[in-house]
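The structure under discussion appears below in the form of structure tokens.
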Amino acid sequence: MSKNLTKRSEDYSKWYNELVVKADLAENSAVRGCMVIKPYGYAIWEKMQAELDKKFKETGHQNAYFPLFVPKSLFEAEEKNAEGFAKECAVVTHYRLKTDPNDASKLIADPEAKLEEELIVRPTSEAIIWNTYKGWIQSYRDLPILVNQWANVVRWEMRTRLFLRTAEFLWQEGHTAHETKQEAIAETEQMNDVYADFVENFMAIPVIKGRKTESERFAGADDTYCIEALMQDGKALQAGTSHFLGQNFAKAFDVKFTSKEGKQDYVWATSWGVSTRLMGALIMTHSDDNGLVLPPNLAPIQVVIVPIYKGQEQLDQISEVANELVVALRAKGISVKFDNRDTHRPGAKFAQYELQGVPLRIAIGPKDLEKGTVELARRDTLSKQFVQRDSVVDTIESLLVEIQDQLHQKATEFRDAHITEVNSYEEFKKVLETKGGFISAHWDGTIATEQKIKEETKATIRCIPLDAKEEKGICMYSGKPSLSRVLFAKAY
């Protein structure tokens with residue numbers, strides 16, 4: 001497995017693309033804009049899934065599954081949602097192929113198999129789910145509905161990049177129904193907090209919790225909460241969103257309930273989701289010029305043991321020690337691999353596991369057997385130490401915790417060093433071009449100003465931070481009054 005990665009400082013985008021492929025995470029498929037997630041990459045996604053799924057269930061949610069196809073009439077029912085996704089929709093028009101009468105080697109859509117109603121391949125599932133909820137909800141006793149689904153969605157993107165933006169991607173989408181506005185808002189905030197907790201503490205990525213501006217909200221939402229992360233190249237990445245949908249979808253699909261007082265009212269709704277885009281965030285937050293750097297919580301292999309030997313006799317002696325370590329580490333819940341392949345030299349194995357971000361590597365050779373030691377190497381710092389064999393399991397346990405914490409600390413220090421307050425548009429443009437990162441600036445609250453800044457600089461308002469203090473000022477662009485600062489950045 002050859003490294004030879006482009007340096008981040010030379011071409012960050014190229015470094016990222018090379019790393020995804022060379023670390024065996026994913027590759028482009030025969031379908032333009034779609035990816036194949038390879039076993040190693042999928043193992044990381046499975047770890048994300050497992051932890052998030054646990055958090056969803058702890059907060060009272062259940063998993064379900066809804067169809068991939070949405071009848072066009074249902075998709076059109078909530079106008080803002082339909083309009084927001086229309087340009088990205090893939091549409092099914094026929095249900096059968098036939099041999100081309102002009103060329104027997106080719107197949108064409110059978111004109112006699114045209115669907116009476118076209119089907120949209122889901123870009124998101126609000127429409128099909130709210131049409132379903134209509135049959136589930138009659139009374140306040142049927143509420144709340146707290147449902148999540150793990151699924152794939154299709155958004156026909158023109159410019160794609162593995163994990164960050166693909167025509168088809170994997171995600172989870174929560175869809176909940178509530179009796180009151182207050183309950184729905186509390187759910188929206190709770191799920192944004194769940195995402196923030198997961199990304200901060202499990203992925204070791206610091207995030208800023210905030211709300212989107214009106215023009216950046218999810219299509220069909222009254223309010224969108226988000227978590228925003230900062231990548232090493234100074235660009236922001238939206239890591240998760242949670243939407244307060246108000247009664248928009250309930251009204252579009254006529255989903256009413258009888259209240260305790262016997263009155264008919266529309267249901268209040270939320271939806272929330274994260275996707276395989278988190279894989280991109282993981283790669284771009286922690287990794288370096290040598291390859292992936294994985295937080296121990298997400299590493300499919302937390303410890304790898306590599307034997308260094310000449311001949312079968314030495315391998316057998318080393319294997320005895322290595323297998324004892326494997327048993328001891330697994331007993332502690334640590335994932336470990338003993339790589340005793342005789343088809344690869346130790347140096348090639350070291351390079352592979354460094355590239356794939358395995359947090360800790362143990363090397364054992366004949367001299368280690370004599371001394372009762374092992375060589376322990378950290379992926380994050382590339383430092384090495386010799387550890388007594390009888391204390392190595394305890395050392396590894398504490399190191400895995402330390403690595404997780406230090407990766408978060410390092411990313412937080414980088415993020416905090418790249419939040420810059422500005423008071424003029426000239427200063428804003430200068431920081432954007434020379435330093436990047438989040439720029440805290442006053443904005444007059446209008447879509448027109450927001451759009452002008454975006455057109456002129458390609459920077460968008462990433463969020464209105466939830467912890468933003470009320471601070472009266474003057475909009476850096478228009479000179480009009482502003483009530484607080486917002487965070488701008490160029491983004492993925």
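- Distance check, rounded to the nearest 0.5 Å: CD1 of Ile37 to CD of Glu27 gives 11.5 Å.
- The two residues Ile334 and Ile396 have their closest heavy-atom pair at CD1-CG2, 4.0 Å.
- Across Phe488, Trp443, Tyr477, a single residue satisfies ring-ring contact (aromatic ring centres under 6.0 Å, His included) together with Tyr425, and that is Tyr477.
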- Should Ile208 and Arg415 be marked as a side chain to side chain contact (heavy atoms under 4.5 Å, CB included) after you check the CA-CA gap, both sets of side-chain angles, and the distance that decides it? CA-CA 10 Å; Ile208 292 169; Arg415 191 272 313 271; 3.5 Å; yes
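- Residue Lys72 qualifies as open at atom NZ: its count of foreign heavy atoms under 6.0 Å is 12 or below.
- Residue Gln385 qualifies as enclosed at atom CD: its count of foreign heavy atoms under 6.0 Å is above 12.
- Taking the salt bridge (Lys or Arg N to Asp or Glu O under 4.0 Å) definition, one finds that Glu456 meets it with nothing, sequence neighbours left out.
- At a cut-off of 3.5 Å, with distance as the only test, a side-chain donor of Thr270 or Thr176 sits close to an acceptor on the other residue.
- A distance-only check finds a donor-acceptor pair linking the side chain of Glu78 to the backbone of Lys80 [under 3.5 Å].
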- Query: Between Leu294 and Val358, is a side chain to side chain contact (heavy atoms under 4.5 Å, CB included) present by the stated rule, with each step listed?
  - Reply: CA-CA 7 Å; Leu294 293 176; Val358 174; over 6 Å; no
- Message: Could you walk me through whether Leu282 and Met48 satisfy the side chain to side chain contact (heavy atoms under 4.5 Å, CB included) test, starting with their C-alpha distance in whole Å, then the side-chain angles of each, then the deciding distance to 0.1 Å, before giving a yes or no?
- Response: CA-CA 11 Å; Leu282 179 72; Met48 292 183 186; 4.1 Å; yes
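- With salt bridges taken as basic N to acidic carboxylate O contacts below 4.0 Å, none links Lys430 and Glu427.
- Between Glu450 and Thr213, the side chains place a donor N or O and an acceptor N or O closer than 3.5 Å (distance only, hydrogens not considered).
- The shortest side-chain heavy-atom distance between Cys226 and Thr241 falls under the 4.5 Å cut-off.
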Return all side-chain donor-acceptor pairs below 3.5 angstrom for residues 162-171, not counting sequence neighbours, or 'none' if the list is empty.
{"unit_1": "Arg165", "atom_1": "NH1", "unit_2": "Glu157", "atom_2": "OE2", "d": "3.3"}
{"unit_1": "Thr166", "atom_1": "OG1", "unit_2": "Glu168", "atom_2": "O", "d": "2.8"}
{"unit_1": "Glu168", "atom_1": "OE2", "unit_2": "Asn152", "atom_2": "ND2", "d": "2.8"}
{"unit_1": "Trp171", "atom_1": "NE1", "unit_2": "Glu173", "atom_2": "OE2", "d": "3.3"}

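- More than 12 heavy atoms of other residues, nucleotides or ligands sit less than 6.0 Å from atom CD of Glu46.
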- Message: Between Glu433 and Lys429, is the side chain to side chain contact (heavy atoms under 4.5 Å, CB included) condition met? List the steps.
- Response: CA-CA 6 Å; Glu433 292 310 313; Lys429 287 188 284 188; 5.6 Å; no
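- Residues passing the ring pair (Phe, Tyr, Trp, His ring centres under 6.0 Å) test with Phe244, sequence neighbours excluded: none.
- Going from atom CD1 of Ile364 over to atom CZ of Phe338 covers 7.0 Å, rounded to the nearest 0.5 Å.
- No donor-acceptor contact under 3.5 angstrom links the side chains of Ser271 and His175, judged on distance only.
- For Tyr12, the ring pair (Phe, Tyr, Trp, His ring centres under 6.0 Å) criterion is met by Trp15, not counting sequence neighbours.
- Under the salt bridge (Lys or Arg N to Asp or Glu O under 4.0 Å) test applied with Asp288, the options Lys7, Lys410, Arg379, Arg8 reduce to a single match, Arg379.
- Between Met191 and Val194 there is a side-chain heavy-atom pair separated by less than 4.5 Å.
- Of the N and O atoms on the side chains of Asp11 and Thr6, not one donor lies less than 3.5 Å from an acceptor on the other residue.
- With ring centers used as reference points, Phe69 lies 6.0 Å or more from Phe75.
- A search for ring pair (Phe, Tyr, Trp, His ring centres under 6.0 Å) contacts involving Trp272 returns Phe56, His61, not counting sequence neighbours.
- A donor-acceptor pair shorter than 3.5 Å can be found between the side chains of Thr124 and Glu126.
- For Asp380, the side-chain contact (heavy atoms from CB on, under 4.5 Å) criterion is met by Val293, Arg378, Ile403, Gln406, Leu407, not counting sequence neighbours.
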